[in-house]
Each structure stands twice: as structure tokens, then as C-alpha cells.
Amino acid sequence: MDYLGQDRREGLGRRAHSRTTLVLLILVSVLLLLSSLYSAQASVFKKAREGVMDAASPVLSLIAGPVAYVNGVMGSVGDYFNVMEQNKALREENAELRQWMNEALELRETVATYEALQNYAAPPEAQPISAFVIGESNDAFARSMIVNAGRANNVEMGQAVVNDAGLVGRIVEAGGDASRVLLLTDIQSRIPVYIEGADVEGILVGNTRSNPVISFTASADDVEAEPGQRVLTSGAGGALPRGLPVGTVKGEIRGGITVDLYANYARTRMVRVINYAFPAIDHVTGEGDAAPEDGPPSASDQSAADQPPAEG
Amino acid sequence: MGYRAETLFRLLKAAAPTMLGVLGVLILAAPIRLFEGFAPTPILPLVIVFFWSVYGPDYLPPLSVFVIGLLQDLLTGGPLGLWPAVYLVTQYIVMSQRAYFLGREQKVVWLGFALASIGAGLILWLVMSLLSGALLPVRHLMSQLAVTVLIYPLFGVAFGELHRRVLVEA
């Protein structure tokens, strides 16, 4: 193949072997890396990310269409071969779910009765925003998705993203009409969770593996959790609503409990962004328009409501 | 062909490797889940950077490589400057070994690409481990690099044809 590599100056770079530019640009990259380390949330970088995401979202949507089609065809070819087993498994699951449904209906009635007896204030309803996954970070160490809903659809930073199975992640960048979802498996992901039945809260920490780990505070007692117990968001810190299903306990490793996520990222095509407003603390309670006693409450109210989600 | 069309064609040819690199980044950012996410998407920009660093550095100047890497950082949400550094260091090393690769069999070049990928992966892993303060698991990175190395011959031939028949000759 010696026809290749002839030095003909026809490319974009007019000077061959421009080592100086190369070294200079390597230095620029390293500087950029260092500066983005110390100011990851700097507005310039944030603007650039959101701008590129917005600009790329039509192209990505265009690519995502045929990709989804091909994946669908390939997936259904696979399904033909095990349609029998799937049918059987689904029938069994259906029977089981029917029992659960009956139980849930009964419980709903009971809870409604109790709520009527007590003076119960329901938490604010979440407003889900539906979106398609148009991009995905296929990177060894960064796990995120790009969805085609942004600020124009009321998506904001910190909101929870779920699919039909459970929690997918949370919004870390909200562009005009596309947003980035940080997945639970990313090394930067930290989600407050609790284990159902174990009465203990912890933080779900991503580590790029498919099973993130719940870590507990050093002062916590020994946590006893059995495989199969449900893991749900605890809502601590007010960033996410309480009770979103995350996964099940898988096992125990040094320093935490591994979790089997409900969400299957390889099959996640459509998600819902949960537009949840954390109930603000209201100082003026009870008697109608009673005057506030200790100063104007508005400032502290605001800060409680606008608190940015605690990160790492 | 008129003078104008010829200039346009010339410009297109000159920018072709850069545009391919950008396309590679877009493919990397698309939700392509080969075999239900079992096989990771190959890092096509790495193939492009390697190929044109060997066979036509003039067609892929460092600035193009920088832009391709930066675009990848912005789209995958990683720290800015990571991929430009990885690609540019790869380009630097490959260009210093260029004389060795030129005129060699494709098998040898393939081996060279495998070594370059290992180098690139090492940089990536070291930087990300340093940034996150812990030694990160390498399994996913290794499988992604393996897929990239495996597809190299296919793209090597395709890019070779493109380079020989369109970019240099026509």
C-alpha cells in the first residue's frame, strides 16, 4: 500500500508534520482538562455543553430513528426463537400480578379510609414529561443519555427520570430542547435511597459497573439486607420524590450493598421526566392570614424551595 | 467542471477526514445498542485519527483532531479536554512512527493500531481514575477497545480506498 502516504499538500493542514501546533494543542487540552476539573459548573462550559447538545439533537434524532428500527427488527428476530418460553413466563407473571393487583386495590381502599379519617394533606402530584432517548454516551467512564425534552418542556436540572421499570437517572444538563440524564451507574451519580423493610437510608453510588452500591454513613449500625428486598428513593435532600422504585438488593460487598437496577438501559427508548416540586415549608400555617411573627418568611421559603440538588 | 465547482470539490476533499471524524463522534453519541448493549460502539474517531496520521497527516491537522475530541467531550458529557488529549497524543506518537508504518503490510499496521489503542486506553483510564480519585474498573473500556481494534481492518480498507481513489488521485 505504498501509494498511500504520498506527501501531497492538498489537505486542510498546509504544512506537513506540524509538530509545534500538535504539541501546543496537547497543552491546551491538558489546561482545559485541569480548568474543567476546578470549575466543572462554570457557565462558559455549561453554555457550550448545552449549545452543542441543542445543535446536535436534530441530527441525533435523525440517526436515532433508523437505529431504533434496526434494533427493533433484530430484537424481534431474537424474539421469534424464544416466543414459547416467553409466553409461558408471561402467563405465570400475569397470574402473580393479578394477585398483587387485588391486594393493591384492597389497600387503596383501606388507605383512602384512613386518609378520610385523618386530616391528611397529600404531597404535590408530580407532572411527568415524556421524552425519547436520542443519544447515549457510549463511553467507558461516562454513563449518560440525551433525551429530546428540554427547558421548553419545563425540564429542569435535578429532576428524576424514570422508565416503565424504575428510576433511570436524573437531569444534569437542561438545554433548550434536549437534556442530559446522568445514569445511576455513572461515577458521579449519588442518589439517596432506602431499603424497604430494613429501615435504613443510604446513598446509591455509581461506579461504572452495572450494579451500583449503596453506601452508608460510617456511624450507621450494621445493615442487614437480604437479596431481593426493594430499594427506593428516599427523597432526602428534597431533590427527588420519595418512593421511586430503583432496584432490588443483589448482594453485599465490602463497604456497601450492591443493587440490581430495575431499569434496563439497553432497552430504554422512552422515559418520563418527573417534574416534581418539593413542598416548600410554609411558615404561615393554620389561621388564615395570621401575620408572620418572626420577620419576613419569604427569603427562607425561597431558599428551601430553590435549593439545588446536593451533588457528591 | 467550472472553476467554482472544482474549488468546492477540492475543499470537500480536504475536509473529508475531519467530517468523517465528526460523523464518528455522532455515531458514538447515538443510542446504537449492538446486540442489546452487549457489544459497545467502536471508537471510530480513533481509527480515523490513526489512519490519517499514518497516511495523510495533511488531511487531518491537529486542529481538526482537537475539534473532533472536543465535540466528543461535549456530547458525552465527560470532562472537557479529555478526548482531545487522548487523540492528539495518539496522533503525536503515530506521526513519530510514521516512517515505519508507510509501505508496510496491513497486518503490521493493524498491530500498530492495536498498540495505539492500548496507549489511548491507558491515558483515558489514568486520567479518569485520577479525576475520580479511585482506580476505575477497566472491563468496559477493554471490550470497547477490543471492538474498535476488531473493526479496524474493515475501516482501514474503506478509508484506504477513499484516500487513494478520491482524496489523493481525483
Side-chain angles (χ1 to χ4, degrees), chain A residues 1-14 16-19 21-23 25-26 28-33 36-37 40 45 48-49 52-53 56 59-60 63-64 67-68 71 75 133-142 144-146 172-173 180 182 187 207-209 265-267, chain B residues 10 13-15 17-18 26-33 36-38 40-41 54-66 69 71 74-82 84-85 88-89 91-92 95 98 102-103 106 124-125 127-128 131-132 136-137 140-141 144 160 163-164 167-168:
Chain A
M1 272 200 151
D2 35 43
Y3 46 82
L4 291 171
Q6 314 167 30
D7 280 332
R8 291 265 292 270
R9 310 242 148 110
E10 292 207 343
L12 280 183
R14 289 289 153 186
H17 317 296
S18 47
R19 283 281 164 83
T21 334
L22 188 47
V23 172
L25 282 171
I26 291 177
V28 170
S29 314
V30 172
L31 278 179
L32 204 59
L33 201 53
S36 69
L37 178 61
F45 293 147
R49 285 178 191 285
V52 166
M53 205 162 58
V59 185
L60 286 174
I63 300 178
V67 165
N71 277 349
V133 176
I134 55 166
E136 192 173 48
S137 146
N138 286 299
D139 199 307
F141 301 125
S144 62
M145 285 180 181
I146 300 174
V172 285
E173 283 164 31
R180 179 180 306 285
L182 191 74
I187 29 172
N207 54 9
T208 79
R209 293 196 180 87
Y265 291 138
R267 278 174 176 265
Chain B
R10 201 177 275 267
K13 280 199 301 181
T18 310
L26 283 175
I27 288 174
L28 212 51
I32 300 172
R33 292 136 178 185
E36 297 213 333
F38 185 73
T41 316
V54 172
Y55 293 116
D58 286 355
Y59 285 87
L60 198 65
L63 194 63
S64 293
V65 176
F66 183 79
L71 189 70
L74 289 169
L75 271 182
T76 57
L80 291 187
L82 174 67
L88 284 168
V89 170
Q91 190 177 35
Y92 185 86
M95 266 164 71
R98 206 177 154 234
L102 286 179
Q106 281 302 292
L124 195 67
W125 179 75
V127 172
M128 284 311 282
L131 288 187
S132 62
L136 295 172
H140 190 272
L141 178 67
Q144 190 170 28
H163 191 78
R164 181 172 58 125
L167 301 190
V168 178

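Per chain, numbering begins at 1; letters A, B, ... match sequence-line order. Hydrogens, waters and symmetry mates are skipped; everything else that's a heavy atom, side chains included, is used.
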* To do: Identify the residue among A/L25, A/L22, A/I26 that makes a side chain to side chain contact (heavy atoms under 4.5 Å, CB included) with B/Q91.
  => A/L22
* For chain B, the option from A/V30, A/L33, A/I63 that forms the most heavy-atom pairs under 4.5 Å -> A/L33
* Rounded to the nearest 0.5 Å, how far apart are OG1 of B/T76 and CD of A/E136? -> 12.0 Å
* **Heavy-atom proximity to chain B below 4.5 Å, by part of A/A48** => both
* To do: With a 4.5 angstrom heavy-atom cut-off, could you sort out which part of B/Y92 is near chain A: side chain, backbone, both or neither?
  => both
* Asked: Do you know the tightest heavy-atom contact between A/V133 and B/P31?
  -> O-CG, 4.1 Å
* **Among A/V23, A/L60, A/V28, residue most engaged with chain B (heavy-atom pairs, under 4.5 Å)** => A/L60
* Could you have a look at B/P17, B/P137, B/P84, B/G69 and say which one has the most heavy-atom pairs with chain A under 4.5 angstrom? => B/P137
* Among B/L88, B/L136, B/L124, who wins on heavy-atom pairs under 4.5 Å with chain A? -> B/L88
* Asked: What distance separates B/L80 CG from A/L31 CG, expressed to the nearest 0.5 Å?
  -> 13.0 Å
* Structure fact -> Under 4.5 Å to a heavy atom of chain A? For B/Q144 that would be side chain
* **Under 4.5 Å from a heavy atom of chain A, the part of B/V65 involved** => neither
* Structure fact -> CG of B/L28 to OG of A/S137, rounded to nearest 0.5 Å, is 8.0 Å
* Structure fact -> Interface check, chain B: of A/V59, A/I146, A/V52, most non-hydrogen pairs under 4.5 Å belong to A/V52
* Asked: If we only count heavy atoms from C-beta on, is the A/I187 to B/M128 side-chain gap below 4.5 Å?
  -> yes
* **A/T208 and B/H140, any side-chain heavy atoms less than 4.5 Å apart** => no
